[in-house]
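One structure is given here, and the rest of the page talks about it.
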Amino acid sequence: SDRYGATTRSVSNLVEVRPLEDVTISRLSNITVGLLQSAQEVDNVEEVMQVLVASTAVQVSNVNCTLAPFKKCQALNREECFAVNQTCGRCLSGYIDGMGTRKVDGNTPCFEPEVTCSDNALSGNETDIDCGSFDCLPCLLNQTCIKSTDCNSGYCSNDTKRCAINPAAPTCGEETCNGNGVCVLRDFEGAIVGASECEQVGIDAKPLCTRTCECFRNATTGRPAWYGSTCS
């Protein structure tokens, strides 16, 4: 005891933890449902959370990953073993399996999808069918895009995420390029210049740049799809 006459007594409890036998997902699910129903009947939110955490921990701890170590899964371009016994997780981001998906656990290799810009299907990193991304040619007007470089027009609308004509782009006088190209300002050496430079006037009272329509190219062949000063 101390000088105040207080005393303490040490008490220890021995807890024995035994492994669960024959635990299946079905059995674990039934146990979890029963515990949740009991907790909900007494409106005990804390107990509900405890049940969810405990059931998840039991499921994870019950998965045997000895034959699917992290390095093996990493070499297969897969996530680590987590939910299925002796099985690596799904394919890493940017990779697919032999079935063309990345959402299924497995022990087969995952690989980067083959670049195909002419299969008439949305594949690889394409933003629209057979166009967009750094792999394929730019997309045409109204096709889906992520950034401006995905578009033949050099502009991807932030609102619609579709290729469009930049509303802030210069105009070629009365010429609108017929919606088949964009107006580009160039100096007399051929370099692209801004609108402010184009507004300046030389000693002969002529603009210091030229305005020309640059026609869009065919998304498949890469060749100009329209021709002439108005892209008609």
Side-chain angles (χ1 to χ4, degrees), residues 74 76-80 89-104 109-200 207-232:
Q74 189 177 42
L76 296 174
N77 296 316
R78 287 183 173 276
E79 296 178 355
E80 61 183 310
R90 64 181 185 175
C91 297
L92 297 173
S93 178
Y95 293 84
I96 59 174
D97 59 20
M99 301 299 292
T101 181
R102 63 172 296 260
K103 299 180 180 180
V104 181
C110 296
F111 51 88
E112 293 182 281
E114 182 181 355
V115 177
T116 54
C117 299
S118 58
D119 59 357
N120 200 33
L122 185 64
S123 57
N125 295 311
E126 296 170 355
T127 59
D128 208 311
I129 295 176
D130 295 339
C131 70
S133 79
F134 54 84
D135 295 325
C136 305
L137 291 170
C139 297
L140 301 178
L141 293 178
N142 294 319
Q143 289 188 298
T144 305
C145 56
I146 296 176
K147 52 188 182 297
S148 293
T149 53
D150 295 326
C151 302
N152 215 333
S153 65
Y155 178 75
C156 178
S157 171
N158 288 327
D159 296 329
T160 63
K161 287 303 178 184
R162 291 186 176 276
C163 296
I165 300 294
N166 189 340
T171 57
C172 292
E174 295 181 358
E175 305 292 352
T176 60
C177 306
N178 288 306
N180 300 325
V182 292
C183 184
V184 177
L185 310 180
R186 295 183 182 274
D187 63 20
F188 291 107
E189 293 182 352
I192 296 178
V193 296
S196 60
E197 297 176 70
C198 195
E199 292 172 356
Q200 300 176 20
L208 297 178
C209 67
T210 59
R211 298 170 181 259
T212 57
C213 287
E214 293 201 354
C215 306
F216 297 147
R217 296 178 177 272
N218 185 287
T220 302
T221 65
R223 298 176 181 176
W226 293 274
Y227 299 89
S229 61
T230 60
C231 298
S232 56

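Below, each value reflects all heavy atoms present in this structure, side chains not excepted, and no hydrogens, waters or symmetry copies. If you're wondering where the values come from, they're calculated on a predicted model, not measured in any experiment. In this chain, residues are counted from 1 in sequence order.
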Q. What's the verdict on side-chain contact (heavy atoms from CB on, under 4.5 Å) for Cys145 and Cys163, showing C-alpha distance, side-chain angles and the deciding distance?
A. CA-CA 6 Å; Cys145 56; Cys163 296; 3.8 Å; yes
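- For the atom pair Gln143 CD and Cys156 SG, the distance stands at 11.5 Å (nearest 0.5 Å).
- Contact record, Cys91 with Thr101: SG-O, 4.0 Å, taken as the closest heavy-atom pair.
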**Q.** Check against side-chain contact (heavy atoms from CB on, under 4.5 Å), Arg78 and Leu92
**A.** CA-CA 5 Å; Arg78 287 183 173 276; Leu92 297 173; 5.6 Å; no
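- No side-chain donor-acceptor contact under 3.5 Å links Asp97 to the backbone of Cys110.
- Judged purely by atom type and a 3.5 angstrom limit, Asp150 has no side-chain atom pairing as donor or acceptor with the backbone of Gly132.
- Side-chain contact between Val104 and Arg90: absent, with no pair of heavy atoms (C-beta onward) separated by less than 4.5 Å.
- For the atom pair OG1 of Thr127 and NZ of Lys161, the computed distance is 10.5 Å after rounding to the nearest 0.5 Å.
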Q: Please report the C-alpha distance between Leu141 and Asn152 in whole Å, then the side-chain angles of each, then the deciding distance to 0.1 Å, and finally whether the side-chain contact (heavy atoms from CB on, under 4.5 Å) criterion is met.
A: CA-CA 7 Å; Leu141 293 178; Asn152 215 333; over 6 Å; no
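- Atom SG in Cys151 sits 9.5 Å away from atom CG in Asp128 (nearest 0.5 Å).
- With rounding to the nearest 0.5 Å, the separation of CG in Asp130 from CG in Leu122 is 8.5 Å.
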Q: Please step through disulfide (SG to SG under 2.5 Å) for the pair Cys131 and Cys117, ending with a clear verdict.
A: CA-CA 6 Å; Cys131 70; Cys117 299; over 6 Å; no
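- One finds the OG atom of Ser118 at 9.5 Å from the CG atom of Asn120 (value rounded to the nearest 0.5 Å).
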Q.
Could you walk me through whether Cys231 and Cys215 satisfy the disulfide (SG to SG under 2.5 Å) test, starting with their C-alpha distance in whole Å, then the side-chain angles of each, then the deciding distance to 0.1 Å, before giving a yes or no?
A. CA-CA 5 Å; Cys231 298; Cys215 306; 2.1 Å; yes
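- Within the model, atoms OG1 of Thr144 and CD of Glu126 stand 11.5 Å from one another, a figure rounded to the nearest 0.5 Å.
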